[in-house]
2 protein chains.
Amino acid sequence: MTASPSDDRPRPASIRDVAEAAGVSITTVSHALNGKGRIAASTRERVRRAAKEIGYRPSASARSLAGGRTGLLALSVSSPTDLLLSLADVDYFMQLTNAATITALEAGYALVTLPVAKDESLLTRVNVDGAVIVDPVARDPSIAHLRERGVPVVTTGRELGSEERGWWVDNDHRASTRWALDHLEAQGAKRVALITGPPIVSYSADLIAAYTGWCAERGYEPLTETVTRSATEAGGYAAATRLFTRSPPPDAIYVGLDRLALGALLAAQARGLSVPGDVLLAACTDSAASRAADPPLTAVNLGPERIGHAAAEMLIDLVEGREPAEAHRVMPVELVVRDSTERMAARV
Amino acid sequence: MTASPSDDRPRPASIRDVAEAAGVSITTVSHALNGKGRIAASTRERVRRAAKEIGYRPSASARSLAGGRTGLLALSVSSPTDLLLSLADVDYFMQLTNAATITALEAGYALVTLPVAKDESLLTRVNVDGAVIVDPVARDPSIAHLRERGVPVVTTGRELGSEERGWWVDNDHRASTRWALDHLEAQGAKRVALITGPPIVSYSADLIAAYTGWCAERGYEPLTETVTRSATEAGGYAAATRLFTRSPPPDAIYVGLDRLALGALLAAQARGLSVPGDVLLAACTDSAASRAADPPLTAVNLGPERIGHAAAEMLIDLVEGREPAEAHRVMPVELVVRDSTERMAARV
DNA sequence: GGTTTATCCCAAAACGCTTTGGCGAAGTCA
DNA sequence: TGACTTCGCCAAAGCGTTTTGGGATAAACC
């Protein structure tokens with residue numbers, strides 16, 4: 001049978017029913033079930049059984065109302081000026097979200113995934129106990145809003161301009177960039193270019209800073225293309241095409257997002273350039289598409305599950321009034337070398 | 001300033017504060033703000049202004065408790081026997097989810113994305129007003145659970161065995177399969193094979209049925225491989241490899257999921273078979289990876305946004321006690337022809 | 001002028017839980 | 001034995017809404 005909208009079924013068991021069934025007061029039931037007050041073990045057990053027996057499920061609303069917490073956490077991508085980065089990296093976001101969802105559920109919270117909020121009120125309309133903001137852009141009004149209301153916020157990636165304040169989880173993008181650049185150099189690259197988004201999010205800024213520093217150390221002139229419109233294949237294609245018209249053109253490109261990299265790959269191949277024969281290509285984020293590309297792309301695995309887990313964990317600490325062990329957590333990364341940067345690799 | 005966990009800020013404005021500010025009772029405030037009772041236009045306006053002035057935001061918990069609704073909708077992938085299909089199709093799922101989230105928010109609901117629930121209690125732990133279940137497997141206990149509790153459920157894809165009951169949104173997979181198969185035939189295929197998951201979800205069953213029927217009409221012997229383990233590239237690779245050992249081997253493969261198709265592509269190329277030269281390849285779902293593959297894969301675009309939107313819309317109708325216009329909605333699909341099935345296409 | 005009918009608003013009762021403060025009974029110590 | 005303490009439980013006061021069932025007042029009708 002499907003449930004008809006106008007079904008009137010018996011109302012669900014309440015704490016009062018449990019109290020009656022167990023022959024105690026509702027106070028005792030509440031305490032017994034939540035492990036709060038001082039309750040004899042036998043009583044606790046009796047209450048538990050009674051609750052189970054009659055299929056008691058506490059009402060989240062009542063609990064929130066009385067306890068002051070909703071049990072909801074928000075996870076949102078910060079609102080960029082436009083849709084630039086939204087869903088730029090589906091795989092990354094999905095894995096991060098999944099890990100955070102699971103962590104939240106294990107702690108008794110539900111995680112609401114809010115989309116990029118053009119309308120800042122979205123984040124304020126749903127009543128959440130805390131929020132994870134992925135890749136915050138500096139001075140995001142909706143983050144400020146949340147903080148004003150006393151809602152704890154953990155960001156993945158730092159808020160540029162207020163690095164020390166706030167709680168965040170991040171990768172060490174500077175280190176990973178150097179790692180990748182060194183790898184490209186070791187594979188024989190003489191002129192490494194960078195394609196990235198604008199430095200409105202911390203990882204783009206980190207990439208640019210690390211790249212610039214790396215070039216300076218070697219006396220190279222930086223060769224950078226910034227994608228400002230859409231961080232999709234098309235954007236990467238255009239940026240790479242521009243790079244190839246420089247003289248001398250780059251013989252290796254490090255790209256900030258996997259979709260940009262896939263676009264860059266197309267651009268190279270469209271010009272008859274072989275990857276990795278003529279140009280080496282590596283990306284800062286990994287994905288199924290990068291793995292499946294021809295040739296498969298060397299990429300930095302940022303460990304999105306770790307990030308999502310850590311962020312949720314930190315947020316829950318904050319929500320429950322515990323001081324997190326560290327205000328800032330830097331998570332490890334891993335360079336996954338694939339054919340796109342292997343000079344020795346056989347071309348398919 | 002970041003919010004410290006032990007911040008004690010003034011408690012947020014309640015309906016009582018608004019009532020006081022506007023010089024009316026809380027009943028009037030409630031009615032004015034929700035457009036319920038009969039309120040003089042002037043009073044309504046005065047209340048609205050007062051509410052805005054003091055920054056009143058109704059408490060979702062209190063509202064749920066009193067009104068009996070939580071304002072939460074769940075979206076979940078049905079629990080398959082194992083992780084078989086979970087996230088098989090990230091792109092599809094993501095787009096569907098996003099559309100549903102937006103639709104929900106526009107109607108004043110928040111959408112909670114619940115992960116594949118090994119533990120059936122997950123779906124029951126969060127108190128939701130309704131649930132969208134993506135690709136339900138037959139007799140999923142958590143769906144039954146929800147229905148028992150009177151929680152409306154809309155599925156995307158049908159529940160096999162109870163097709164007529166229940167509300168669902170689906171694609172016409174039989175039609176799209178025939179479309180794709182006809183296309184393969186038109187491109188010269190003489191022996192078309194099928195790779196798909198086991199028929200525990202309706203679209204797999206539809207694919208198999210449509211394929212079998214199509215073969216029967218032509219007097220062909222069906223050539224099917226079922227992926228039972230994991231619907232990833234590896235699974236597709238293995239299935240395709242098995243197909244190529246048949247004699248005669250297929251000269252075209254229609255694949256149920258994009259990741260399986262990408263695996264099949266790898267398998268073909270690993271055996272030195274050219275796509276589309278020696279084997280045509282088409283997939284039932286589209287994705288960025290399919291587009292970016294070499295060659296790009298012909299695929300059926302199922303319109304996940306449309307599905308997500310329609311499902312959320314239908315669910316909200318049910319939650320709010322309206323009878324949806326139709327109990328079953330079949331959404332259009334589109335065959336996107338790319339190089340992998342173009343006999344005429346130049347090989348890269 | 002009295003009766004009816006609209007109109008606008010309000011008091012009070014839920015909704016189901018958490019938490020505070022307290023009260024007997026039983027145990028402990030001298 | 002009395003004075004404390006600890007233990008095990010409970011009554012009652014919220015938490016911030018929605019909703020029900022009127023009650024004033026004003027307008028309309030005869």
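Because only heavy atoms are used, hydrogens play no part in the values below, and waters and symmetry mates are left out as well, while side chains stay in. Just so we're on the same page: letters track the sequence lines, and every chain starts at 1.
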Could you tell me how far apart [X] ([atom1]) and [N] ([atom2]) are, to the nearest whole angstrom?
X        : N      : atom1 : atom2 : result
B:Asp17  : D:dG16 : CG    : P     : 9 Å
B:Arg16  : D:dG16 : CZ    : P     : 7 Å
B:Leu65  : D:dG14 : CG    : P     : 17 Å
B:Leu33  : D:dT19 : CG    : P     : 14 Å
A:Arg46  : D:dG8  : CZ    : P     : 13 Å
A:Ile39  : D:dC7  : CD1   : P     : 13 Å
A:Asn127 : D:dG16 : CG    : P     : 12 Å
A:Arg44  : D:dC10 : CZ    : P     : 14 Å

For [X] and [Y], work out which heavy atoms get closest and say how close.
X        : Y        : result
B:Thr156 : B:Val134 : OG1-CA, 3.4 Å
B:Arg48  : B:Ala32  : NH2-O, 3.6 Å
B:Val201 : B:Pro136 : CG1-O, 3.8 Å

Task: Between B:Thr28 and B:Ser25: side-chain donor-acceptor atoms closer than 3.5 Å - done: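 On atom types as modelled, these side chains qualify, holding a pair under 3.5 Å.
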Task: Exercise: do B:His309 and B:Glu305 side chains pair donor with acceptor under 3.5 Å - done: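 Distance-only check fails for B:His309 and B:Glu305.
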TODO: Could you work out which one of D:dG16, D:dC9, D:dC10 sits closest to the side chain of A:Ala40?
DONE: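 The listed nucleotide nearest to A:Ala40's side chain is D:dC9.
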Task: Nearest to side-chain heavy atoms of A:Arg38, which nucleotide of D:dC7, D:dC10, D:dT17 - done: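 Closest of the options to the side chain of A:Arg38: D:dC7.
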Please work out if [X] contacts a base, only the sugar-phosphate, or nothing of the nucleic acid, heavy-atom cut-off 4.0 Å.
X       : value
B:Thr27 : base
B:Ser59 : sugar-phosphate
B:Arg63 : sugar-phosphate
B:Ser30 : base
A:Ser61 : nothing
B:Ser64 : nothing

Open item on the list: If you assign B:Gly67 and B:His31 each to the DNA chain C nucleotide with the nearest heavy atom, which residue ends up on the more 5' nucleotide?
Closed with: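 Taking each residue's closest nucleotide, the earlier one in sequence belongs to B:His31.
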Open item on the list: Under the criterion salt bridge (Lys or Arg N to Asp or Glu O under 4.0 Å), I'd like the reasoning laid out for A:Arg49 against A:Glu45: C-alpha separation, chi angles, the key distance, then a yes or no.
Closed with: CA-CA 6 Å; A:Arg49 260 204 300 278; A:Glu45 192 43 42; 3.6 Å; yes
Open item on the list: I want to check one thing: is the phosphate of D:dT19, taken as OP1 and OP2, less than 4.0 Å away from some side-chain N or O of B:Lys36?
Closed with: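 B:Lys36 to D:dT19 OP1/OP2: side-chain N or O found under 4.0 Å.
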Task: From CA spacing to verdict: salt bridge (Lys or Arg N to Asp or Glu O under 4.0 Å), B:Arg57, A:Glu148 - done: CA-CA 14 Å; B:Arg57 299 182 349 101; A:Glu148 258 166 42; over 6 Å; no
Task: Residue B:Glu163 excluded, over 12 heavy atoms near CD under 6.0 Å - done: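 Counting other residues, nucleotides and ligands, CD of B:Glu163 exceeds 12 neighbours.
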Task: Covered region of DNA chain C, 5' end to 3' end, by chain A [heavy atoms, under 4.0 Å] - done: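 Contact boundaries, 5' end first: C:dG16 to C:dT20.
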